[in-house]
Novice: 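The structure's right below; bear with me while I get my questions together.
Given the structure is predicted, the values throughout are model-derived calculations rather than measurements. Scope of the values below: all heavy atoms of this structure, side chains included, with no hydrogens, waters or symmetry mates.
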Amino acid sequence: ANSYKKAAEQFPDSGQAKEALLETGKSFAALDEAEAAKMYWEKLNTAESRIAIAELYFNKAEYISAKNEYAKVFTSYPTNPFYPLAHLRIGDCYYNAKQYEEAVEAYKTVLKLYPGKKQEKDALDGIQRSYILLKKPEMAKKAYTDYSNRFSKDEKAGEMQYRLAGYYKKESNNKKAISEFREFIKEYKKSELRAAAMNELGAVYEKEKRHDEAINIYKAFISEFPKH
């Protein structure tokens, strides 16, 4: 931290000084000295340093303060590349504060304003997680479908379907749990969650007294994962 600090003091108006202020803040943050980090980032006063300050609050679970700092990215720094990230993180603030309706709206803003940006995937994932906690499984299913239609059935899509299946199982909606687990097993053959899904499906079959199907899925599990 000291070397960056000296550079900032020696060349206060240079690009080198700006980089030094940013890195000095990062060094203090890594040392868990949040106030010192914030002081340097406030001096820098850029969209990137504002994001860094917001992250400090977020990591301390101070979600209202974090949200306010992310919002400053729009109000204080017009036309900068951090807008999509700031909007996404506002959704994350609402989500972690258990304000799930507000989280959904914030994540939808990302989808509306920044189509094609990398934050789009995380926004759809956040929408689904929020709807599950709001006990709105049909909307959660729609978020998964929207995701898989936009981005094909990648690893995150698999995680989303597995999450939905798990919700149905938890709520004892065994018919839909079976449907989602079976589709997951069919579509996501390389997923790290595949073994767990097969076990979960077997357990639901047992609850439904569909013993032959339970035996078959357990046999398939043993065949596919002999060392599991």
Novice: Are Tyr147 and Lys121 side-chain neighbours, meaning at least one heavy-atom pair lies under 4.5 Å?
Specialist: yes

Novice: Got Tyr94 and Ile90 here, is their nearest side-chain heavy-atom distance under 4.5 Å?
Specialist: yes

Novice: Looking just at side-chain N and O atoms, do Gln128 and Tyr144 make a donor-acceptor pair shorter than 3.5 Å?
Specialist: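 No - no donor-acceptor pair under 3.5 Å links their side chains.
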
Novice: Do Tyr57 and Asn68 have a side chain donor and acceptor closer than 3.5 Å?
Specialist: no

Novice: Report the relative orientation of the aromatic rings in Phe74 and His87; use parallel for angles under 30°, tilted for 30 to 60°, perpendicular for over 60°.
Specialist: parallel

Novice: Side-chain contact test, heavy atoms from C-beta onward, threshold under 4.5 Å: evaluate it for Glu155 versus Glu159 and give yes or no.
Specialist: yes

Novice: For Lys142, does the NZ atom have more than 12 heavy-atom neighbours from other residues, nucleotides or ligands under 6.0 Å away?
Specialist: no

Novice: Can we say Lys117 and Glu120 salt-bridge, meaning some charged N sits less than 4.0 Å from an Asp/Glu carboxylate O?
Specialist: no

Novice: Is it the case that atom CG in Asp212 sees more than 12 heavy atoms from other parts of the structure closer than 6.0 Å?
Specialist: no

Novice: Any luck finding a side-chain donor-acceptor pair between Tyr63 and Lys98 under 3.5 Å?
Specialist: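 Short answer, no.
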
Novice: Report yes or no: do Tyr131 and Phe184 belong to one cluster of Ile/Leu/Val/Met/Phe/Trp/Tyr joined by side chain heavy-atom distances under 4.5 Å?
Specialist: yes

Novice: Can you tell me if Asn199 and Tyr218 form a side-chain donor-acceptor pair at under 3.5 Å?
Specialist: no

Novice: Ignoring hydrogens, what is the shortest heavy-atom contact between Ala214 and Gly202? Give both atom names and the distance.
Specialist: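 Reported closest heavy-atom pair: CB-O, 3.8 Å.
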
Novice: How about Arg50 and Asn45: do any of their side-chain heavy atoms sit closer than 4.5 Å?
Specialist: yes

Novice: For Lys176, run the salt bridge (charged side-chain N to carboxylate O under 4.0 Å, His left out) check against Glu171, Glu183, Glu138, Glu208 and tell me which one passes.
Specialist: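 Testing each of Glu171, Glu183, Glu138, Glu208 against Lys176, the sole residue satisfying salt bridge (charged side-chain N to carboxylate O under 4.0 Å, His left out) is Glu138.
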
Novice: Under a 4.5 Å cut-off applied to non-hydrogen side-chain atoms, are Arg129 and Leu134 in contact?
Specialist: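 No - every pair of side-chain heavy atoms lies 4.5 Å or more apart.
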
Novice: Taking side chain as C-beta onward, heavy atoms only, is Ile51 less than 4.5 Å from Tyr70?
Specialist: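 Yes - at least one pair of side-chain heavy atoms lies under 4.5 Å apart.
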
Novice: Which is it for Tyr83 and Tyr114 under the ring-ring contact (aromatic ring centres under 6.0 Å, His included) test, yes or no, and what are the steps along the way?
Specialist: CA-CA 9 Å; Tyr83 278 18; Tyr114 312 110; 7.2 Å; no

Novice: Going by an N to O cut-off under 4.0 Å, is there a salt bridge joining Glu180 and Lys169?
Specialist: no

Novice: Hey, could you give me the CZ/CG distance between Phe221 and Leu201, rounded to the nearest 0.5 Å?
Specialist: 12.5 Å

Novice: Under 4.5 Å between any side-chain heavy atoms of Tyr168 and Pro137, yes or no?
Specialist: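 They are in contact (side-chain heavy atoms under 4.5 Å apart), so the answer is yes.
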
Novice: Are the side chains of Tyr107 and Leu124 in touch, meaning some heavy atoms are under 4.5 Å apart?
Specialist: no

Novice: Apply the test side-chain contact (heavy atoms from CB on, under 4.5 Å) to residues Asp92 and Asp122: give CA-CA distance (whole Å), side-chain angles for both, the deciding distance (0.1 Å), then the verdict.
Specialist: CA-CA 10 Å; Asp92 292 340; Asp122 288 332; over 6 Å; no

Novice: Between Glu224 and Arg194, is there a side-chain N and carboxylate O pair less than 4.0 Å apart?
Specialist: yes

Novice: Could Lys136 and Glu101 be called an ion pair, given the rule that one side-chain N must be under 4.0 Å from one carboxylate O?
Specialist: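 Judged by the 4.0 Å cut-off on N to carboxylate O distance, Lys136 and Glu101 do form a salt bridge.
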
Novice: Could you grab the distance from atom CD of Gln119 to atom CG of Leu113, nearest 0.5 Å is fine?
Specialist: 12.0 Å

Novice: How long is the straight-line distance from CD of Gln161 back to NZ of Lys156, given to the nearest 0.5 Å?
Specialist: 15.0 Å

Novice: Nearest 0.5 Å, please: how far is CD1 in Ile222 from CE in Met198?
Specialist: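 Here the interatomic distance stands at 9.5 Å.
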
